[in-house]
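Computed from a predicted structure; not experimentally measured.
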Amino acid sequence: MKVLRFILQKEFRQIFRDKTILAMMFVMPTVQLIVMPLAMNFDVKNVNISLVDHDHSTYSQKLISKIASSGYFRIISSDFSFKEALMHIEKEEADLVVEIPSGFERNLVRDGAQKLAVSVDAINGSKASIGGSYLNTVISDFNAGIDINIRNINKTPSGVIDISFRNWFNPMAEYKYYIVPGILVLLLTMIGGFMTALNIVREKEVGTIEQINVTPIKKWEFILGKLIPFWVIGMTVFSIGLVVCFVVYRIVPEGSIALIYLIASVYLIALLGFGLLISTYSDNQVQAMFVAFFFMMIFMLMSGLFTSIDSMPTWARIISNLTPVTHFIKVVRMIVLKGSGFEEVKTELCYILAFAFVLNGWAIWNYRKTN
Amino acid sequence: MEEKAIICKELTKQFGDFYAVNKISFEVSKGEIFGFLGANGAGKTTAMRILCGLSYPSSGTASVAGFDVYRQQESIKKNIGYMSQKFSLYENLTVLENIEFFGGVYGVSRKEIKERSNDLLETLGLQKESRKMVGELPLGWKQKLAFSVAIFHRPKIVFLDEPTGGVDPVTRRQFWDMIYEAAASGITVFVTTHYMDEAEYCNRISVMVDGRVEALDTPANLKHQFSADTIDEVFYQLARGAKRSAD
């Protein structure tokens, strides 16, 4: 234990001497949490529309004002021909073109039917499909309004299913509630994965590790000596992150803070073990960086940070479940948004614990004082 | 002085079909300054790493301070000091912090560390620099400090791998004074060097060529044996036969 204290003293001295690391500890959570949720906003708003109205009737005006007042669309131009309107899409000014044919009102009233052309720029797939479906909703709503006006009053109205819709746990379906806890996870992951790996590999590069290996320091003393300081840093960054969440987004975890900390600390141990493992396999910082980066990319994209795991193909879901990040993100969202308790997150906690054991065990096994 | 500090018998380290160290045998007595000479790539560092418990031998036997190099590396490590070719103190720690850390991991108590480091700084004349980062010191001082740190916990044997590389002649002289002092206090010194004048300071020297020990005796006897005036000449005669190119 005495030896461990000397090692910890040395590690903390080195870390706190590095002012860049200290600054990053505060800058990273703040900036990432403030900037990234804005950039990663997948809410579709401001769909730009070019209108071509060949009818110029009361009905077409009504439709246009309905579209304009829905709040999701911005009418950027009214053109005389479809060709002109399409130019706006080509110049990437418009996302949608709505063409109202001549005789729109007449056909609606007389025949009770009329076709409408909507053209969508599908380069940005999600914006196109979501924007398109918004527009569909607006138009069918308009359609329903017309029905009442034109049908015979003595006709019995057909049965209507009225759907009332409610978003649970995130009532406004705002993207930030989904992404902010995710970014908190990202922060811990980066710190855990990169910092230990680079730190140990640097000792390898400089050659000081050899001096350590020739001392009677025990393996567990060395590894704990590396894990504890970064664990402390990680938890500090996490706490700062939680404060930023509250100050900037007013997100207060619904569930217990203690539970979040419990799981975060286990998760951090798992990730530190991951960094450690990388360091035992790499000889220099460039190697460690590359390997860590490779896995980080997989972690980010497969973990359900940005996308839903349930919509992945089976093989991808298997990979996803094999990354510790997946489980942590899930738990953090459950606790922060739903207010889940220990019982609900037990399974995920077991997963994370297993990762912590396997990764650290593997790292300790692979760290050799004598080759 | 009958007891041996290091005993090596047919010690071999093989990498694939390359014999970095090929059946070397020698003994080092307690309190002796043992010079370990050889051209670059002759296998000196590999042999030394085995004796320090950093590397497993492929075959042969060796014991250091009475402990076996196959099974008791951690016991060996308690009893030796090591100064590697690469400078290996922490450059971003101060002189005192380095002493404290390395003293501490060898189990020297805090009180002892304090007393000994005061003495040490005084003999090195580093009192004013004690709170300076080690990285800011000139090379000669760094090397002297590294040596002092290597023997700070009073090991039985200290291994020095080219300790005076790149150091000016005056500092080298001072360095050897420190080695003599350590030897006088009972520490066995195992040192590799490229400077043949330094070889003359050793009690006994061995010359390694292509992984083998080709000669082993006192400097005077070796000169006599090879009818040479200096160790330099002895070394040339032996090293000329080397097949491995220097790395």
Side chain, backbone, both or neither of B:Gln73 within contact of chain A (heavy atoms, under 4.5 Å): side chain

Heavy-atom contact with chain A under 4.5 Å, split by part of B:Ile50: neither

Close approach to chain A in residues 105-116 of chain B, criterion heavy atom under 4.5 Å: B:Val105, B:Tyr106, B:Val108, B:Arg110, B:Ile113

Chain B contact residues among residues 6-14 of chain A, heavy-atom distance under 4.5 Å: A:Phe6, A:Ile7, A:Gln9, A:Lys10, A:Arg13, A:Gln14

Toward chain A, the part of B:Glu100 with a non-hydrogen atom under 4.5 Å: both

Which atom of A:Gly207 lies closest to which atom of B:Ser88, heavy atoms considered: O-CB, 3.9 Å

Residue pair A:Glu210 / B:Gln85, side-chain heavy-atom distance below 4.5 Å: no

Residue B:Tyr195 excluded, over 12 heavy atoms near OH under 6.0 Å: yes

Contact winner vs chain A - B:Gly81, B:Gly104, B:Cys52, B:Ser75, heavy-atom pairs under 4.5 Å: B:Gly104

Between CD1 on residue A:Ile209 and CG on residue B:Leu54, distance to nearest 0.5 Å: 11.0 Å

A:Tyr261 atom OH, over 12 foreign heavy atoms within 6.0 Å: yes

For chain B, which residues of residues 211-246 of chain A have heavy atoms nearer than 4.5 angstrom: A:Gln211, A:Ile212, A:Asn213, A:Val214, A:Thr215, A:Pro216, A:Ile217

Stepwise salt bridge (Lys or Arg N to Asp or Glu O under 4.0 Å) test for A:Glu205 and B:Lys86: CA-CA 10 Å; A:Glu205 265 184 17; B:Lys86 270 188 181 175; over 6 Å; no

Atom CZ of A:Phe16: over 12 foreign heavy atoms under 6.0 Å: yes

Neighbour count above 12 (heavy atom, 6.0 Å) for A:Phe290 CZ: no

Inter-residue atom distance B:Asn92.CG - A:Asp18.CG, 0.5 Å rounding: 8.0 Å

Which of B:Ile80, B:Leu93, B:Leu89, B:Thr94 touches chain A most, by non-hydrogen pairs under 4.5 Å: B:Leu93

Residues of residues 138-168 of chain B contacting chain A, heavy-atom criterion under 4.5 Å, by residue number: none

